[in-house]
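Following: one structure in structure tokens, then a few remarks.
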Protein chains: 2
Amino acid sequence: MKVKATSIDIAHLAGVSQATVSRALRGSPLVNEETRRRIQAAAEQLNYKLDKNASNLRRMHSGTLALLLFEDPTADESHINPFFLSMLGSITRACAQRGYDLLISFQQFSHDWHADFADSNKADGIILLGYGDYLTHRDKLEKLVAQRTCFVRWGAVLPDQPGVSIGCDNFRGGQAVAGHLLERGCRRIAFLGDASSHYPEFFGRYRGYVDALEQAGVAIDPALQENAESTEHSGYEAMRSLIAREVGFDAVFAASDLIAIGAMRALGDHGLRVPQDVALAGFDDIATASFVNPPLTTVLQDTRQAGEVLVESLLGLIRGEAVESEVLPVKLMVRGSSLR
Amino acid sequence: MKVKATSIDIAHLAGVSQATVSRALRGSPLVNEETRRRIQAAAEQLNYKLDKNASNLRRMHSGTLALLLFEDPTADESHINPFFLSMLGSITRACAQRGYDLLISFQQFSHDWHADFADSNKADGIILLGYGDYLTHRDKLEKLVAQRTCFVRWGAVLPDQPGVSIGCDNFRGGQAVAGHLLERGCRRIAFLGDASSHYPEFFGRYRGYVDALEQAGVAIDPALQENAESTEHSGYEAMRSLIAREVGFDAVFAASDLIAIGAMRALGDHGLRVPQDVALAGFDDIATASFVNPPLTTVLQDTRQAGEVLVESLLGLIRGEAVESEVLPVKLMVRGSSLR
DNA sequence: CTGAAAGCGCTTACAG
DNA sequence: CTGAAAGCGCTTACAG
């Protein structure tokens, strides 16, 4: 095993006290420049690294954030939504920029997850990420608030929610997609995805869609809505069952790109061409969206910005500041799948 | 801020010494059952959580593993290879099962990454994951070995490598794909992907392909190999340039699924049908592989097993055991894209 | 089976 | 600007 140098070793080598070593290496302005240089040289010579455990213990914080990534229990492990993985990337980067480490953990919504990380001082705060039935875990969020755990979640921003939420503007995104499809002359626009308060993000997109139709004077036909969760498989099945119901439609707005990609395949299997027979749009703008054939019209959620805002908000909470929930803008990406 | 209960608070409440609290909660067999129950009750009442920083400091270990996920600098951040993300998931799970936390960090191969995590006692060992030019970072691996840092890497298993590597059987995988394509009557099989010692995994697949062709008495035509890195975009471009070269081919073996998916689109754009005109196969079996049209023939790397082996090997290293590099078996998944 | 005590490697008032 | 000292919350020989 390697022998680790401690601040005492540096102190001996540099001929100063251990306290001065600590100050010098932590960048305290109290230290003489020449002394600091001597200490730095000694530290390099001995390949010294700060012991984070000791430092954190003493400072009563961890310099670490925890990310709990929730998976729908129905989805198998290889099907983690690429959108969340992209968020993971940007959160990691945002943490690194601010000198924080990121601990990650996959969780099932159904499990008894609590905030072990925060409780055991391994993390100063936690980020909650993932789709799932909002109503079933709402009480857990309330518990976190009661325990005064610092946390932010990615999700729908609703009026009476526990804690702070960061989410994209699902309503406007839904409006934009439906508005665009209406503009292209579509009148029978199906919606693929859950549309209930259990899934507030999809519901927000649905409400935007309803709003756009109403504004255009197009009647809402409940038969055009079909439940789906955010997987290709679910999108495929939902599309099949919509086709089987023979309700007639000229466009499909899928609540996520994964659903849209599954739907695209189902349409193809039934001999329906996109966009000639059916215009199609999704939501998220995952990498694959621009790569399917035809390229998928969708709504861009800026994951880079989202990661920044999540981390910045959480850090604010940790500093004891008042932090508000925030709705991030979205952007309609028009591509071939809706251009008929 | 919340007031945290310490083991001293529990000791007071339960009427024992702090040392006994520590023993009881750590499951030491030395503690009387009744005492333990009393302590446990007190701990629950005060919502006590072990302070990991203190515990780790005292025990001189961290109970944490770090995962360094390398990205090719050319790839943009949203295009993290789904295969690695799937690995990430299985590594996380394998860690959790063993009571270890996982710290993650995205890195550029080009950067000066070192093993800060391990050095600063934040992690007991590190896992290295990602494609990239092997030759350019080989010296860094050697430095890790010299420093006696515990690490394992996912990648090609080569004879003279520094440290321990876990990888799949790229050679056999390549053999299996090429063998299968030969069996379907293909004779002009193109290879899309780098085939040099800079990218040992792709190179292993290539050598397997060469071996299968030679065994079948089919001549190797260097014109049929086209460089590509593991992205859809790169696959698309490689396919286009192969088509442009007009060398004639009846099958394509892409060194990864991402490359294959890009190639599939390029073939479509040029009016070539898969599999009727060109049989196509990939490598990795990412989720999307079974979802493209036609479903992609590919080689399954068992990420669940890989994650387990990576974590188990690293833990072995940490315990000071002798750990060998390991080659994991692969499995050919025959799907529509190669059945002509 | 239990307690008193030392100590992990830092940070930070306190004193000079 | 620097040092001596206390203490963060645990774990673990040592003694009984």
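Every chain is numbered from 1, with letters handed out A, B, ... down the list of sequences.
- The base of C/dG9 is not paired with the side chain of B/Arg58 by any donor and acceptor separated by under 3.5 Å.
- Nucleic acid contact class of B/Ser22 (heavy atoms, under 4.0 Å, all strands): base.
- Going from atom CE of A/Met60 over to atom P of C/dG9 covers 20 Å, rounded to whole Å.
- Not one side-chain nitrogen or oxygen of A/Ser17 sits closer than 4.0 Å to the OP1 or OP2 atom of D/dT2.
- Between B/Leu65 and B/Ile318, the closest side-chain pair of non-hydrogen atoms falls below 4.5 Å.
- Remark: the separation of the P atoms in D/dA13 and D/dG9 is 23 Å, to the nearest Å.
- The shortest distance between the side-chain N/O atoms of B/Thr20 and the OP1/OP2 oxygens of C/dT2 is not below 4.0 Å.
- Contact record, A/Val157 with A/Gly167: CG2-N, 3.8 Å, taken as the closest heavy-atom pair.
- Rounded to whole Å, the separation between the P atoms of C/dT2 and C/dA6 comes to 23 Å.
- Across all strands shown, D/dA13 has no partner, as no Watson-Crick or G-U wobble contact with both distances under 3.5 Å is found.
- Looking at B/Arg36 and B/Glu33, a side-chain N of the basic residue comes within less than 4.0 Å of a carboxylate O on the acidic one, giving a salt bridge.
- Between A/Leu30 atom CG and C/dA13 atom C1' the separation is 12 Å, expressed in whole Å.
- For A/Ala19, counting side-chain heavy atoms from C-beta on, the closest listed nucleotide (C/dT2, D/dG3, D/dG9) is D/dG3.
- Across D/dT11, C/dT11, C/dG3, the shortest atom-to-atom separation from the side chain of A/Gln18 is found for C/dT11.
- The nucleotide whose nearest atom lies closest to any side-chain atom of A/Asp51 is, among D/dG3, C/dG9, D/dT2, C/dG9.
- The NE2-P distance, from A/His61 to C/dC10, rounds to 15 Å in whole Å.
- Looking at the side chain of B/Leu50, the nearest of the listed nucleotides D/dT2, C/dT11, D/dC10 is D/dC10.
- Between the P atom of C/dC1 and the CZ atom of B/Arg37 lies a distance of 13 Å, rounded to the nearest Å.
- If you take CD1 of B/Ile8 and P of C/dG3, they are 13 Å apart, rounded to a whole angstrom.
- No side-chain heavy atom of B/Ile91 sits under 4.5 Å from any side-chain heavy atom of B/Ile104.
- Within the structure, a side-chain polar atom (N or O) of A/Ser7 is placed less than 4.0 Å from OP1 or OP2 of C/dC10.
- B/Thr303 places a side-chain heavy atom less than 4.5 Å from the side chain of B/Phe83.
- In this structure, CG of A/Asn53 is placed 11 Å from P of C/dG9, rounded to the nearest angstrom.
- For the P atoms, the distance linking D/dT11 with D/dA15 amounts to 22 Å, nearest Å.
- Distance A/Glu34 CD to D/dC1 C1': 13 Å, rounded to the nearest Å.
- Residues B/Leu310 and B/Leu314 fail the side-chain proximity criterion, which asks for heavy atoms closer than 4.5 Å.
- With the nearest nucleotide of DNA chain C identified for both A/Tyr48 and B/Thr35, B/Thr35 has the one nearer the 5' end.
- When distances run from any side-chain atom of A/Arg23 to the nucleotides C/dA13, C/dT2, D/dC10, the shortest one goes to C/dA13.
- Residue contacts for B/Ser55: at a heavy-atom cut-off of 4.0 Å it reaches the sugar-phosphate backbone alone, with no base atom in range.
- Here the P atom of nucleotide C/dC10 and the CD1 atom of A/Ile39 are 13 Å apart, to the nearest Å.
- In this structure, B/Arg26 reaches the sugar-phosphate backbone alone: every heavy-atom distance under 4.0 Å involves primed, P, OP1 or OP2 atoms, never a base.
- Applying the Watson-Crick and G-U wobble criteria (two distances, each under 3.5 Å), C/dA4 pairs with nothing in any strand.
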